Participant: 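Supplied in structure tokens, the structure appears directly below.
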Protein chains: 2
Amino acid sequence: MPQTHPPDCPGCAAPDLAFAAHDHAHCAADALARAEAVTAANNSRLTPVRRRVLEILLEDHRALGAYDVLARLAADGFGNQPPVAYRALEFLVEQGLAHRIQRLNAFTACAHPGEAHAPAFLICRACHSVAEAEAAPAREALDREAGRLGFAIERTTLEALGLCPSCKAAA
Amino acid sequence: MPQTHPPDCPGCAAPDLAFAAHDHAHCAADALARAEAVTAANNSRLTPVRRRVLEILLEDHRALGAYDVLARLAADGFGNQPPVAYRALEFLVEQGLAHRIQRLNAFTACAHPGEAHAPAFLICRACHSVAEAEAAPAREALDREAGRLGFAIERTTLEALGLCPSCKAAA
DNA sequence: CTTGACCTGTTATGATATTACATACATAGA
DNA sequence: TCTATGTATGTAATATCATAACAGGTCAAG
């Protein structure tokens, strides 16, 4: 897989990679490269544990529980106490490199690192894949409703459970 | 507080009770009466434990953890093991009489029992009150985004964290 | 008055998450 | 280079949230 690639790379242009067939090795490598850039820009450090956690999350478009991540870390010779995983995950979330899925108490790698966004998540109840969808329209709708009640929204959790295209076809 | 009240009751007409000054005793009594009606209509039973859990949730417009509910139950002479609380809460959620707030791992009484709805929740990070907002517009926006990706949404979790009117004014 | 469905109680355990403290590492300033 | 500082990691202990499995009770239909 190339460390650099053309700006019109079809993989990167795909609106959503989780449900579409795509060159996943590229997808993951690209996310990792972006992560390097993001952390450098933020003066934060993508240390070995943090990098490894991101790699683990990038293995597929699923959400992993903290203890699943921890088990993988321990197998790789890192510490095997919960804070090791939770701290790395928290770091990645802060940096916008991963997201927490509230419904699953689990974490997934960000599909669009570096781009400011607060996505909505589409969670397939059959294959457990997780995709990011554009949340802006829904967020605006919520803002309108909240404004009516005088409530000032700061952060939103938008998660949808359902069937992804392939599982829908299979059913 | 009246056991019955006019259909144009101002309390019931309030678009959202959580953030607005209102006759809360009335609000709670009304919700309880509706709960009786809903369970009767569904051929399910609002037993003493379940009723008591609902009363506890109705004490204010907040979300309570299962163990908080459990402590209250135990103090009232009900069982004090987790399943007692979880089962009653699960029942209330199934009947549409309570909602689970994913972000808080907690439960809140439904503000509009009997009306079919899948609300969005507005959670004040300062006073921890929880209000229900109309989710339909946001849900439709999500449906459009999901449709674009071929994803079929079945259920959504829409939760917003921010400041309620009074906490916003105080800040 | 018994059967079957459902509800409640209890024990035990599993799953998720945090606090507190000790140690190690990176790096900037003396 | 040395050392002080901030930051990161390791570990133990514990807190918090949730469920499985089974025993006993209640109640209404047959």
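A note on names: the letters A, B, ... follow the listed sequences, proteins ahead of strands, and every chain is numbered from 1. Note that the structure is predicted; figures quoted are calculated from it, not measured.
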Participant: How many whole angstroms separate atom CD of A:Gln81 from atom C1' of D:dA13?
Facilitator: 9 Å
Participant: Output the rounded distance in Å from CD (B:Glu90) to P (C:dC7).
Facilitator: 11 Å
Participant: Distance check needed: C:dG14 P versus A:Asp68 CG, whole Å only.
Facilitator: 16 Å
Participant: Between the base of D:dC17 and the ring of B:Tyr67 - centre-to-centre under 5.5 Å, planes within under 30° - is that a stack?
Facilitator: yes
Participant: Rounding to a whole Å, what distance do you find between B:Asn105:CG and C:dT16:C1'?
Facilitator: 9 Å
Participant: Take the protein atom CG of A:Leu92 and the nucleotide atom P of D:dA8, then report the distance between them rounded to whole Å.
Facilitator: 12 Å
Participant: Which of these nucleotides, D:dT19, D:dA21, C:dA20, is closest to any side-chain atom of B:Pro82?
Facilitator: D:dT19
Participant: Under 3.5 Å, is there a donor-acceptor pair between the A:Arg62 and A:Ser129 side chains?
Facilitator: no
Participant: Do you know which two heavy atoms are closest between A:Ala135 and A:Pro119, and how far apart they sit?
Facilitator: CB-C, 3.6 Å
Participant: On DNA chain C, compare the nucleotides closest to B:Phe91 and B:Asn80; which residue's is nearer the 5' end?
Facilitator: B:Phe91
Participant: Roughly, in whole Å, what's the span from CD in A:Gln95 to C1' in D:dT7?
Facilitator: 14 Å
Participant: Strictly distance-based, threshold 3.5 Å: is any side-chain N or O of B:His99 a donor or acceptor partner for the main-chain N or O of B:Ala120?
Facilitator: no
Participant: Please confirm whether B:His22 and B:His61 have ring centers closer than 6.0 angstrom.
Facilitator: yes
Participant: What nucleotide among C:dG9, C:dT16, C:dT11 has an atom nearest to a side-chain atom of A:Tyr86?
Facilitator: C:dT16
Participant: For the pair made of CG in B:Leu70 and P in C:dT8, what is the distance, rounded to whole Å?
Facilitator: 14 Å
Participant: Check every atom of D:dA8, C:dT18, D:dT19 against the side chain of A:Arg50 and return the nucleotide holding the closest atom.
Facilitator: D:dA8
Participant: Please find the pair of heavy atoms, one from A:Asn80 and one from A:Ala74, that lie closest to each other, and give the distance.
Facilitator: CB-CB, 3.4 Å
Participant: Students often mix this up, so state it plainly: with edges at 30° and 60°, are the rings of A:Phe151 and B:Phe19 parallel, tilted or perpendicular?
Facilitator: parallel
Participant: Figure out the CG/P separation between B:Leu89 and C:dT8, and round it to whole Å.
Facilitator: 12 Å
Participant: Identify, between B:Phe78 and A:Arg87, the residue whose nearest nucleotide on DNA chain C lies closer to the 5' end.
Facilitator: B:Phe78
Participant: Might you point out which heavy atoms bring A:Val93 and A:Phe107 nearest each other, and give the distance in Å?
Facilitator: CG2-CD2, 4.1 Å
Participant: Near DNA chain C, under 4.0 Å by heavy atom, which residues of residues 40-49 of chain B?
Facilitator: B:Arg45, B:Thr47, B:Val49
